[in-house]
Amino acid sequence: MDFDTVITGGDVVDGTGAPRKRLDVGIADGRIAAVDRLGEANAAKVIDASGLAVAPGFIDVHVHSELARLGGIDQFAGVLDGVTTELMSPDGFSWAPLKPERLREVKEYLQVFYGDPDIGWDWTSVADYLSRFEGRIPNHLVPQAPHLAIKVAAMGWEPGLPSPAQMAAMRAHLVEWLDAGAVGMAAGLEYQPGALSDITELVELCRLVADAGGVYAPHQRGYWSRVAQGSRESFEVGRQSGVKVHISHLAVDDTAAALLDEAQGSGVNVTFDMYPYSAANTHLLMMLPEWAQAGGYEASMTRLKSSNERRRLRDETAARIAERGEITLSCVEAGELLEGRSIGELARESGQADVDCLFDLLATHAGRALAIYHWPESIDGEASLRRTIAHPLYIGSTDGIYMGSRPHRRGYGTFARIVGEHVRGGTVTLEQAVRKVTGLPAERFSIRDRGVLKVGMAADITVFDPATLADRSTWDNGRVSPSGIAHVLVNGEAVVADGTPTGKLPGRIVGRS
């Protein structure tokens, strides 16, 4: 048999969890045509994988990447970490289907996470939005229905239960996404306007998701000290709707472990993801109480400019800051010199309390600031991460955000940490790690022609050195790709060769199969 490409001499770790085997992989027409000892097979291209592992391309189930993959300095950050498929709309963030005025509002709210790239911003339908990625991305993007955009399209930013007409509109927008191949619905219940949603709204929407065989992926309404509250709501949505539940970025401690066991015992079909770093990353507005975030970006900025409103929210905001460890700025609009500085450091320099420094910073920079929230010293971060990654329900993710001069390291080194450093450190075996970032997420999110190396599957493949695969990023310079990634193929086309991006853009929108 003739092949377009043959990968020879590597240890095939196929994504099923089965033991690695020394085999060759033959590729033809973008598909895996053989996984066997192929000898002197006839091939247009041969990749020597001697001493390397050959695995399915990694799948990132939670990453704020879709606009970054269209161009710029972060376009190839995913493939350089071995990623060939990324799920869209994490936390329910997206911009379709929205009429022009609503699109402007959502664009303003999400600008701190995605910037303002020149991509037209003139679509109104889901199909038109998804068409913007055709022929322009190095790896695949998988749609998820975005609760934020669906809710804003139907009822704006207003609180309260949706009217029957508004609920019907939400259902119609959700169906539009599901018909476009969405693998489920993602929601951000600590962001606006999802924070205003009652469980009855979520259950009704998730019944449609369940009927389509999809997954409900919430940034839930509480983690750490509020993890029981947040998780029990997530599980109740699963129980009432029948939907599969996948909790975004959940770190496993004793409470979370018990909650996961409780959910499984009561029949909830649950998994979760988490990045392998003891520091979170989101907008600085998250430090305001929920009531002060209500109404979206413009409402929050109006409050911050009012001295009376500042007095009202000062104590609650200060308490939220006190719950955190060090808060370091990673991206500040029109304030790059502040990036890499901590709120505590800036407050001391200005003779202010942390909370007043935070208010002034948000007001001065239009509320557009991202921060890295390091876990408090009271938490053994490395022990928690090892326990999280080893959990049988765990799936890998980056939660990468590609903004600012000091971006969080997780957008660049996550999979090298999971599949490289945590394997060598004994957290999981190589076979277990590969399954958690390939076969398991593909199975969970119904991406059925990827995630496993077997005949007939799409030729999305990552070739890496298990001995040297390592995160090279730092907190001072997060934008550094890992060592140990040798080759990455997307639909059989090399997007990384000998550790260097080829510039090829074979990625496409991959819907529910």
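One-based numbering along the sequence shown.
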For side chain to side chain contact (heavy atoms under 4.5 Å, CB included), just list the numbers for L141 and I137, CA-CA rounded to whole Å, side-chain angles, deciding distance to a tenth of an Å, and then say yes or no.
CA-CA 8 Å; L141 297 175; I137 50 177; 3.8 Å; yes
Step by step, would you call H140 with D460 a side-chain hydrogen bond (donor to acceptor under 3.5 Å, both in side chains)?
CA-CA 10 Å; H140 305 306; D460 293 350; 3.2 Å; yes
Run the salt bridge (charged side-chain N to carboxylate O under 4.0 Å, His left out) test on D14 and K454 for me, step by step, so that the C-alpha distance in whole Å, both residues' side-chain angles and the decisive distance to 0.1 Å come before the verdict.
CA-CA 7 Å; D14 67 5; K454 68 177 183 180; over 6 Å; no
Which is it for T398 and Y275 under the side chain to side chain contact (heavy atoms under 4.5 Å, CB included) test, yes or no, and what are the steps along the way?
CA-CA 5 Å; T398 66; Y275 44 87; 5.6 Å; no
Test side-chain hydrogen bond (donor to acceptor under 3.5 Å, both in side chains) on S231 and Q220 and set out the steps.
CA-CA 7 Å; S231 297; Q220 62 187 20; 2.9 Å; yes
For the pair E86 and S65, evaluate side-chain hydrogen bond (donor to acceptor under 3.5 Å, both in side chains) and give the outcome as yes or no after the intermediate values.
CA-CA 8 Å; E86 300 174 340; S65 62; 2.6 Å; yes
Go through it in stages, so that I can follow the logic: the residues are V83 and I59, the test is side chain to side chain contact (heavy atoms under 4.5 Å, CB included), and I'd like the CA-CA distance, side-chain angles, deciding distance and then a yes or no.
CA-CA 6 Å; V83 176; I59 298 173; over 6 Å; no
Listed pairs under 3.5 Å, donor-acceptor, residues 184-196 side chains, sequence neighbours left out:
| from | atom 1 | to | atom 2 | distance (Å) |
| --- | --- | --- | --- | --- |
| E190 | OE1 | H219 | NE2 | 2.8 |
| E190 | OE2 | R226 | NH2 | 2.9 |
| Y191 | OH | T282 | OG1 | 2.6 |

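For the pair H173 and P97, the tightest heavy-atom approach, listed with the atom from each and the gap, is ND1-CG, 3.6 Å.
Salt-bridge check for R320 with E290: passed, with a basic side-chain N closer than 4.0 Å to an acidic carboxylate O. Taking a cutoff of 4.0 Å between a charged side-chain nitrogen and a carboxylate oxygen, R387 and D254 qualify as a salt bridge. E298 and R104 are joined by a salt bridge, as a carboxylate oxygen and a charged side-chain nitrogen come within less than 4.0 angstrom of each other.
Geometrically, R69 engages Y402 in a cation-pi contact, judged by NZ or CZ lying under 6.0 Å from the ring centre and within 45° of the ring axis. For the pair R406 and W475, the cation-pi test (distance below 6.0 Å, angle within 45°) is failed. Figure legend: cation-pi geometry between K107 and W121, with NZ or CZ positioned under 6.0 Å from the six-membered ring centre and within 45° of its axis. Geometrically, R312 engages W291 in a cation-pi contact defined by less than 6.0 Å to the ring centre and at most 45° from the axis.
Checking side-chain atoms of Q144 against main-chain N and O of M88 turns up a donor-acceptor pair under 3.5 Å. Side chain of E431 to main chain of V13: no donor-acceptor pair is present (N/O by atom type, distance under 3.5 Å, no hydrogens or angles). Here the side chain of D81 pairs a donor or acceptor atom with the backbone of A416 at under 3.5 angstrom.
Contact of the Q432 side chain with the Y394 side chain is not registered, since no non-hydrogen atoms from C-beta on lie closer than 4.5 Å. Taking the side chain as every heavy atom from C-beta outward, R450 and T85 approach each other to under 4.5 Å. Counting only heavy atoms from C-beta outward, the side chains of F359 and T317 approach each other to under 4.5 Å. Residues Y114 and M403 form no side-chain contact, since every pair of their non-hydrogen atoms from C-beta on lies 4.5 Å or further apart. Residues D91 and H64 form a side-chain contact, since some pair of their non-hydrogen atoms from C-beta on lies under 4.5 Å apart. V183 is not listed as a side-chain neighbour of W177, based on a closest heavy-atom distance of 4.5 Å or more. Contact of the T328 side chain with the Y373 side chain is not registered, since no non-hydrogen atoms from C-beta on lie closer than 4.5 Å. The shortest side-chain heavy-atom distance between R310 and R314 does not fall under the 4.5 Å cut-off.
Side-chain contact, E236 with Q240: a donor N or O sits under 3.5 Å from an acceptor N or O. With 3.5 Å as the limit, one finds no donor-acceptor pair spanning the side chains of E176 and S125. Side-chain atoms of N269 and R444 include a donor-acceptor pair closer than 3.5 Å. D399 and S397 are not linked by any side-chain donor-acceptor pair at a separation below 3.5 angstrom, with hydrogens and angles left out of the test. For the residue pair Y412/D74, the side-chain donor-acceptor check at 3.5 Å is satisfied. A donor and an acceptor atom, one from each side chain of R386 and T427, are nowhere located under 3.5 Å apart.
Ring geometry, Y277 versus H408: the interplanar angle exceeds 60°, so the pair is classed perpendicular (tilted spans 30 to 60°). In this pair, Y109 and F93 present their aromatic rings perpendicular. The plane angle is above 60°, beyond the 30 to 60° band.
For the atom pair H246 NE2 and T271 OG1, the distance stands at 5.0 Å (nearest 0.5 Å).
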